[in-house]
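Everything on this sheet refers to the single structure shown next.
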Amino acid sequence: MNPTILAIESSCDETSAAIIKNGKVLNNIIATQSVHEKYGGVVPELASRAHQQNVVPVIAEALNTAGVKKTELDAIAFTRGPGLLGALLVGTSFAKSMAMSLDIPLIEVNHMQAHILAHFIDDPKPSFPFLCLTVSGGHTQLVVVKDYLDMEVIGETQDDAVGEAFDKSAKLLELPYPGGPLIDKYAAEGNADAYDFPDTEMPGLNYSFSGIKTAFMYFLRDQKKKNPDFVQENMNDICASLQKALIRMLMQKLKRASNETGIREIAIAGGVSANTGLRQELDRLAGEKGWNVYVPDFQYCTDNAGMIAIAAHFKYLQGKFSKLDVSPMARMKI
Ligand code: KG4
Ligand code: ZN
């Protein structure tokens, strides 16, 4: 079975479409919504409207650049959740209408599963079972991946996601949204030992990132009282020290999870897996622990339809189709 599938992603602030043919992702068209920048975060209502404007041009471009006609499609895939409900509704409704008019199957995809399955778009591919640290703007999870569609969450954040910690800290530094990539950029030039931020101790394999965010807020307040230009004068060192603390917390539980499960095939996924400091630390640990590590190509780290397409491919092969009355789910477990 070598299906040709159109995949649509609209869970947050990226409208994206991709075509997969014979298990190969042919393209990955992404329209990023800049409308949120000035608000310092994603505004759900504006995200839905922007998806509504972008969805047709993005799909048309995906079909055109792949040289695929609508009538050649074997299925339509879409992100069912988790995500912003209004944003998900745009992709879901569009996918349902297309599947109905073309009379072909509809495939719902779980966005968090798709972030992990992005590892099967290009080589090298991890072998089962592997451990995946999924780090995004909405999630921080440790997942044992037993098979393409068989995954178990063994640890997760009890409050903020690590991407949220990056973005909210960046906001305190008066950086535009999303601040994660900017912290990464400044951190590369800074001294990571300049300031010390404490870890939040959590039992087992769970995470907590709300404590460090609050500690960071008080740290900046106190430093600014002494020197109003503290942030401007020390941006690189502040970002490097904060990033180091966040990565240390991520890695601590990842190491524990690897010890407890005995799994040394280690992957990272999600928007924060684009972080250069995290990638470097993972490489260092690979040497120290004898891990095989897997990091997705940058275009498949942050939200994209390529990952929805590969997930849909595996679902198609297993005959896992959705009914046309399916509706999106803002909260959806792996
Ligand atoms: O997976 P994603 O695109 O969307 C969600 O599903 O949430 O992840 C977005 C998150 C944002 O918090 C963004 O700041 C973060 O990924 N991010 C980064 C980097 N690139 C994206 N965080 C740190 N360093 C980066 N280079
Ligand atoms: Zn995502």
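One-based numbering, in listed order, for ligands and for the atoms of each.
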Over 60° means perpendicular and under 30° means parallel, so tell me whether F314 and Y148 are parallel, tilted or perpendicular.
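Because their plane-to-plane angle is under 30°, the rings of F314 and Y148 count as parallel.
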Would you call the rings of F216 and F219 parallel, tilted or perpendicular, where under 30° means parallel and over 60° means perpendicular?
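The rings of F216 and F219 lie parallel, inter-plane angle below 30°.
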Can you report which non-hydrogen protein atom sits closest to [atom], along with the distance?
atom	value
atom 24 (N) of ligand 1	N275 ND2, 3.0 Å
atom 17 (N) of ligand 1	G271 O, 3.6 Å
atom 2 (P) of ligand 1	D303 OD1, 3.3 Å
atom 11 (C) of ligand 1	D167 OD2, 3.4 Å
atom 15 (C) of ligand 1	V272 CG2, 3.9 Å
atom 22 (N) of ligand 1	G180 CA, 3.5 Å
atom 26 (N) of ligand 1	D184 OD2, 2.9 Å

Going by the order shown, which atoms of ligand 1 are within less than 4.0 Å of some heavy atom of [X]?
X	result
T302	3 (O), 21 (C)
H115	1 (O), 6 (O)
G163	12 (O)
G137	5 (C), 7 (O), 8 (O), 9 (C), 10 (C), 12 (O)

Side-chain heavy-atom pair T200, M249 within 4.5 angstrom cut-off
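A side-chain contact under 4.5 Å exists here.
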Please state the angle at the Zn ion (ligand 2) spanned by OD1 of D303 and NE2 of H115: what is it, rounded to 10 degrees?
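Computed angle, vertex at the Zn ion (ligand 2), rounded to 10 degrees: 100°.
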Within-shell test, G138 vs ligand 1, heavy atom, strictly < 4.0 Å
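Checking ligand 1 against G138, which is what was asked, there is a heavy-atom contact under 4.0 Å.
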If only atom types and distance count, is the side chain of K96 paired as donor or acceptor with the main-chain N or O of V326 below 3.5 Å?
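Judged by distance alone, yes, a pair lies under 3.5 Å.
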At under 4.0 Å between heavy atoms, is it the side chain or the backbone of H139 that contacts ligand 1, or both, or neither?
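It is neither part, as no heavy atom is under 4.0 Å.
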